[in-house]
Number of protein chains: 2
Amino acid sequence: MSYLKQISDKELKEGIEHFIQEAKGKYVPSVTLDTVIFGFHDNKLKVLLLRFAQTAHFILPGGYLSKDEDLDMAALRVLRERTGLDNIFLEQFYTSGKKNRTSNSIVSQLMKDLLGNLPADHWFNQRFVSVCYYALVDDTKVNPKPEPFFTEFKWFDIEAIPVLLYDHNLIVEKALKRLQTDLDTKLVGSKLMRDSFTMNELQKLYEAVFQHPFVRTNFQRKMLSLGILERLEKQYTGKSHKAPYLYRFTKDPLED
Amino acid sequence: MSYLKQISDKELKEGIEHFIQEAKGKYVPSVTLDTVIFGFHDNKLKVLLLRFAQTAHFILPGGYLSKDEDLDMAALRVLRERTGLDNIFLEQFYTSGKKNRTSNSIVSQLMKDLLGNLPADHWFNQRFVSVCYYALVDDTKVNPKPEPFFTEFKWFDIEAIPVLLYDHNLIVEKALKRLQTDLDTKLVGSKLMRDSFTMNELQKLYEAVFQHPFVRTNFQRKMLSLGILERLEKQYTGKSHKAPYLYRFTKDPLED
DNA sequence: ACAAAAGTGTTAACATTACACCCATGA
DNA sequence: TCATGGGTGTAATGTTAACACTTTTGT
């Protein structure tokens, strides 16, 4: 699934200039937010990426911190603006601050082409520290909204993330590592699954996140022994084999 | 152990004004670093705190990010400046960004008393996002260096941390939680122990970090089974009981 | 009856826990 | 020889892993 928006250089240039006009008064300098949005479909773990402006390159959805806004609230806002979703599961997992992390020839070349040589104190010439969050979403409910800088949304398989701008590949890696430990310890699986699901579907999620297979029979018992699943009615699919039970997460394991 | 430095209001005021002169050109705006420095002595887990200027209040050692400096390097520098230590084990664990986290009547009142009413765009009136690191140090090697804002260094037992300025109590809590998981998973114990130690001393460290007792005999076997300890000669203390073996961490468990 | 997938049973290996026991030391 | 703390043994229990076996479904 991908979402496209055509835009001219002129529109882009105007959009960027308009943004910068506002940004200086509105946002905290030097701080950005980046979000790694995980979804799960086709038995694969996916990450939502944006195509950056007129380039062929992708980037993590991100944004800035408003001066009158908590950091966590800013992350929720960025997600709402991009995905249309509220009540999203969000975890801060890393802050990226290498001094040259945003000095990327592709982006600066594009900016130069569009806007000419920027003065040293220009908004885009700031040295940014980026606070990174990961989000777990039910991708069927996501309704991505492109905006001036970004012209295409696309879900990428975690195993096939392209080369991203800036240090965003590193950030995705760290997000995945954190998701792995959180799936183990905080049992956040419910945030990625539909309301009800078969044990096989849940196993596919675990296999996608940990990137290795589990033994079916042992996986089933392990999950049931955690006491966070409720068995519902059977799901008759018309296939010529035993109908699997559907399951549902009973309580939110995070609320305790 | 504590380190004191007497300072007059005049000296403090001049120190602060001198700092501000420099800060604007030197540091990235809106970003601070805070460090939770853990040490271990008297069988207790300790945290190094600074008494803030003329107040009775304590605060975490912190600093600012230079414009030409990686975030991790800044954290190392802050630690070097404060403790005189190099090659310190440092882990980033959290970034604190609530909008009112530094609006603290005590600090702002002190600043007001010393410097008068500050303009809205003054360095100290910035809204800061703080990137937090924890450090593990051999406290016998620490040589704290007070500087203008901070007049006293003191090690506090983790169980007796006073009310700190800003949101620093919250940050210490999060640091301890992270230390607990890192002691389990990354086996960072070596960073807090002397070169050689008895099993009993190591157990006391674990008990201090996890804040609960372990069964002596099982603890011993668990530690030895990890394959990260080397048994040295016995330590004869003159006490009338069996002399305990000394142990040493063989390899750094983090290097793999 | 059969293939295919879901669900349950079983056993060995491994890890954890709770103690009992023995050992070394200096007074 | 006694008290004290250090080190080892062991049996009960709990967890994990591998795989055999049974059940259910539509053709």
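Order of the sequence lines fixes the chain letters, A, B, ..., with proteins taken first and strands second; residue numbering starts at 1 for each chain.
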Q) Base, sugar-phosphate, or nothing: which does A:T237 touch, judged by heavy atoms less than 4.0 Å apart? A) nothing
Q: Examine D:dT25: is either OP1 or OP2 under 4.0 Å from a nitrogen or oxygen in the side chain of A:Y236? Give yes or no.
A: yes
Q. Does B:Q220 have a side-chain nitrogen or oxygen under 4.0 Å from the phosphate oxygens OP1 or OP2 of D:dT8?
A. yes
Q | Residue mapping more 5' on DNA chain D - nearest nucleotide basis, A:R221 or A:K242 | A | A:R221
Q) Relative to the 5' end of DNA chain D, which residue comes earlier, A:V215 or B:N218, by the nucleotide with the nearest heavy atom? A) B:N218
Q: Name the residue closer to the 5' end of DNA chain C, choosing between A:Y247 and B:K239 according to the nucleotide with the nearest heavy atom.
A: A:Y247
Q.
Go nucleotide by nucleotide along DNA chain C from the 5' end; which of A:T198 and A:S240 gets its closest nucleotide reached first?
A. A:S240
(Q) Suppose we call a contact any N or O donor and acceptor under 3.5 Å apart; does that hold for the side chain of B:R216 and the base of D:dG5? (A) no
Q.
Checking A:K98 now: which residues fulfil side-chain contact (heavy atoms from CB on, under 4.5 Å) with it, not counting sequence neighbours?
A. A:R101, B:D70
Q) Can you list the steps and then say if A:I171 with A:H168 is a side chain to side chain contact (heavy atoms under 4.5 Å, CB included)? A) CA-CA 5 Å; A:I171 291 172; A:H168 286 186; 3.9 Å; yes
Q | Under 3.5 Å donor-acceptor, B:R82 side chain and B:G62 backbone | A | yes
Q: Could you grab the distance from atom NZ of A:K44 to atom CD1 of A:I158, nearest 0.5 Å is fine?
A: 12.0 Å
Q: Report the distance from atom CG of A:D139 to atom NZ of A:K46, rounding to the nearest 0.5 Å.
A: 9.0 Å
Tabulated below should be each protein N or O lying under 3.5 Å from an N or O of nucleotides 11-15 of chain D; please produce it.
none

Q: In sequence, state the C-alpha distance, the side-chain angles, and the governing distance for A:L85 and A:L79, and then conclude on side chain to side chain contact (heavy atoms under 4.5 Å, CB included).
A: CA-CA 7 Å; A:L85 277 180; A:L79 267 160; over 6 Å; no
